[in-house]
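Side chains are part of it too, since the values below use all heavy atoms of this structure and drop only hydrogens, waters and symmetry mates. Heads up: numbering here begins at 1 and tracks the sequence. Not measured: the values here are computed from a predicted model.
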Amino acid sequence: MALSSHIHNFSVLSVSKTIENGNGRRRARMVVKMAASTSDMAAAFEEGKLERPKWSGQTPLSRLVGALIAFKPLSSVLKLGARQVLIRTAEKGNIPWREMTKEILESDVYKELESIQNPSLVYPDYYLNPFHAYDEGNLSWLAAAEAEAATMSMVRRAIPNASTVDEANQVVRGNWLQAIEQHHLQYSGTTMIRDILDIGCSVGVSTRFLADKFPSANVTGLDLSPHFLSVAQFKEKKIGPRKNPIKWMHANAEDTGFPPQSFDLVSVSYVFHECPERAIVNILKEAFRLLRPGGTIVVSDQSPKSKILQEMSPVLFTLLKSTEPFLDEYHLTDLEGRMEEAGFINVQTGLTDPRHRTLTATVPC
């Protein structure tokens, strides 16, 4: 069943802004704000007063935190603390983190690796960094086994008043899917969504939401981690057959190897905050190459303008930055501008939950 049938009633407020880019030229950009039907939720979607948090970018506070994190003995303690906070927060929210992890690690998931892994793939240097308190980053079975629980915890943190993960997903994933549908109908109404690529699909959570929303489309999940993809394929097999089975691709999003104009929708969810700007630029260029005329790109990730993120406590933002090596670079990236430079038009952006923004754009016909 398409998730849109469960979405709360939201109103879309479009505000046209004229913004000066680095070359002194001015460009029009549409800023979209998703407002909930209740006053409480509308308040929760409030933007902060700054362009980005004081703890990110090149501010004195950001540099101080960076210096602390660079001290290796302290960095190890911070990463351990960040991991413990994630697990405790999840389990307080009735997410059985340890049980879910154990179930994957003690399963036959390892048998999926041979059919998934591309042994000739060369990993980009940035991807070999430690991420999320894992020394091997995303190239480990533990990271893959814990990924779904971590994603569920992220959704619960975004919507803390939700009584369940499913209820939180109705907002987080529901608004994301609604943004895709509204943008495509407005700017590409005559173009059917037949083929979808989910870049950085991890263990397939976002991929399955896309497949459920667009059941007649051919959906492909692409990721650099064969461990994550093995879990994605393993879990999809347990769910059961689909009319159009999801395909899983072990590849670099900067150079996927797909022919030009292969897709009508490209999605990039919670990926760019883990990338240096050069990778973000390359992925956007590759997405533009892969989309057909009238195709839509959707990007969801942390919003530097989120009031909640801007008001995060020093302890929490220090723990966060200790596990995200490219967070400062992401917050300094003019993502809308980079999308326009890649060739996209009709760039729209706005908060689709209190912590995250969704950007949508179109390939010219």
Side-chain angles (χ1 to χ4, degrees), residues 66 69-90 97-154 199-207 221-235 248-255 268-276 278-280 283 301 318-330:
I69 294 170
F71 184 56
K72 287 190 177 180
L74 181 58
S75 177
S76 298
V77 173
L78 289 172
K79 288 177 181 178
L80 178 62
R83 176 175 168 77
Q84 294 305 315
V85 167
L86 280 173
I87 295 174
R88 285 199 304 269
T89 301
W97 183 298
R98 292 178 177 87
E99 291 179 25
M100 293 174 68
T101 301
K102 182 180 179 182
E103 182 180 353
I104 291 295
L105 292 177
E106 295 182 354
S107 72
D108 292 330
V109 67
Y110 311 99
K111 296 179 180 179
E112 307 293 338
L113 187 64
E114 185 176 356
S115 65
I116 285 287
Q117 189 168 25
N118 175 7
S120 65
L121 181 64
V122 178
Y123 295 102
D125 56 354
Y126 73 86
Y127 197 72
L128 301 177
N129 276 274
F131 285 102
H132 305 152
Y134 304 107
D135 289 338
E136 296 175 299
N138 293 331
L139 296 172
S140 75
W141 284 112
L142 181 60
E146 293 186 332
E148 185 167 10
T151 300
M152 294 166 70
S153 183
M154 177 271 292
I199 287 177
C201 69
S202 182
V203 295
V205 176
S206 56
T207 321
L222 180 146
D223 204 275
L224 268 170
S225 172
H227 306 83
F228 283 21
L229 289 169
S230 295
V231 172
Q233 182 167 279
F234 177 76
K235 293 183 76 68
W248 307 104
M249 179 83 169
H250 183 213
N252 186 347
E254 299 177 63
D255 183 14
V268 190
S269 294
Y270 312 112
V271 171
F272 282 163
H273 74 278
E274 297 182 2
C275 299
R278 69 180 188 276
I280 294 174
I283 292 170
D301 216 313
T318 301
L319 292 175
L320 173 64
K321 292 186 71 170
S322 72
T323 67
E324 300 286 3
F326 300 107
L327 194 59
D328 283 335
E329 200 165 341
Y330 166 73

Undergrad: Give a yes or no on whether a salt bridge exists between E146 and K102, defined as a side-chain N under 4.0 angstrom from a carboxylate O.
TA: no

Undergrad: Side chains of S225 and D223: any donor to acceptor distance under 3.5 Å?
TA: no

Undergrad: Can you give me the closest heavy-atom contact between S322 and L319, atom names plus distance?
TA: OG-O, 2.6 Å

Undergrad: Do NZ/NE/NH1/NH2 and the carboxylate oxygens of E254 and R278 come within less than 4.0 Å?
TA: no

Undergrad: Which residues pass the ring pair (Phe, Tyr, Trp, His ring centres under 6.0 Å) test with Y110, not counting sequence neighbours?
TA: W141

Undergrad: Could you pull out the closest heavy-atom pair between L224 and Y123, with the gap in Å?
TA: O-CE2, 3.0 Å

Undergrad: On a heavy-atom basis, which atom in G137 and which in A143 lie closest, and how many Å separate them?
TA: O-CB, 3.5 Å

Undergrad: Roughly how far, to the nearest 0.5 Å, is CZ of F326 from CD of E274?
TA: 10.0 Å

Undergrad: Any side-chain heavy atom of D328 within less than 4.5 Å of one from K321?
TA: yes

Undergrad: Using the side-chain contact (heavy atoms from CB on, under 4.5 Å) rule, take H227 and N138 through it: C-alpha gap first, then chi angles, then the decisive distance, then the call.
TA: CA-CA 8 Å; H227 306 83; N138 293 331; over 6 Å; no

Undergrad: Measuring from F131:CZ to T323:OG1, what's the distance to the nearest 0.5 Å?
TA: 10.0 Å

Undergrad: Starting at NE2 of H250, measure out to CG of L113 and round the result to the nearest 0.5 Å.
TA: 8.5 Å

Undergrad: I want to check something: taking the side chain as every heavy atom from C-beta on, are T151 and V203 in contact at a cut-off of under 4.5 Å?
TA: no

Undergrad: Between Y126 and A279, what is the shortest heavy-atom contact and its length?
TA: CE2-CB, 3.6 Å

Undergrad: With the side chain counted from C-beta on, respond yes when W248 and C201 share a heavy-atom pair under 4.5 Å apart, and no when they do not.
TA: yes

Undergrad: Please walk me through it: do W97 and L86 pass side-chain contact (heavy atoms from CB on, under 4.5 Å)?
TA: CA-CA 9 Å; W97 183 298; L86 280 173; 4.1 Å; yes

Undergrad: Can you measure from NZ (K235) to CD1 (I104) and round to the nearest 0.5 angstrom?
TA: 4.5 Å

Undergrad: How long is the span from the CG atom in L229 to the OG atom in S202, to the nearest 0.5 Å?
TA: 8.5 Å

Undergrad: Could you tell me whether the side chain of S107 and the main chain of V109 form a donor-acceptor pair under 3.5 Å?
TA: yes

Undergrad: Any chance you could measure S153, atom OG, to E148, atom CD, to the nearest 0.5 Å?
TA: 12.5 Å

Undergrad: Would you sort out whether S115 and Q233 count as a side-chain hydrogen bond (donor to acceptor under 3.5 Å, both in side chains), showing the intermediate values?
TA: CA-CA 10 Å; S115 65; Q233 182 167 279; 3.1 Å; yes

Undergrad: Please say whether more than 12 non-hydrogen atoms of neighbouring residues, nucleotides or ligands are located less than 6.0 Å from CD in E136.
TA: no

Undergrad: Between D301 and V271, is there a donor-acceptor pair closer than 3.5 Å when you use the side chain of the first and the backbone of the second?
TA: yes

Undergrad: Between S230 and P226, is there a donor-acceptor pair closer than 3.5 Å when you use the side chain of the first and the backbone of the second?
TA: yes

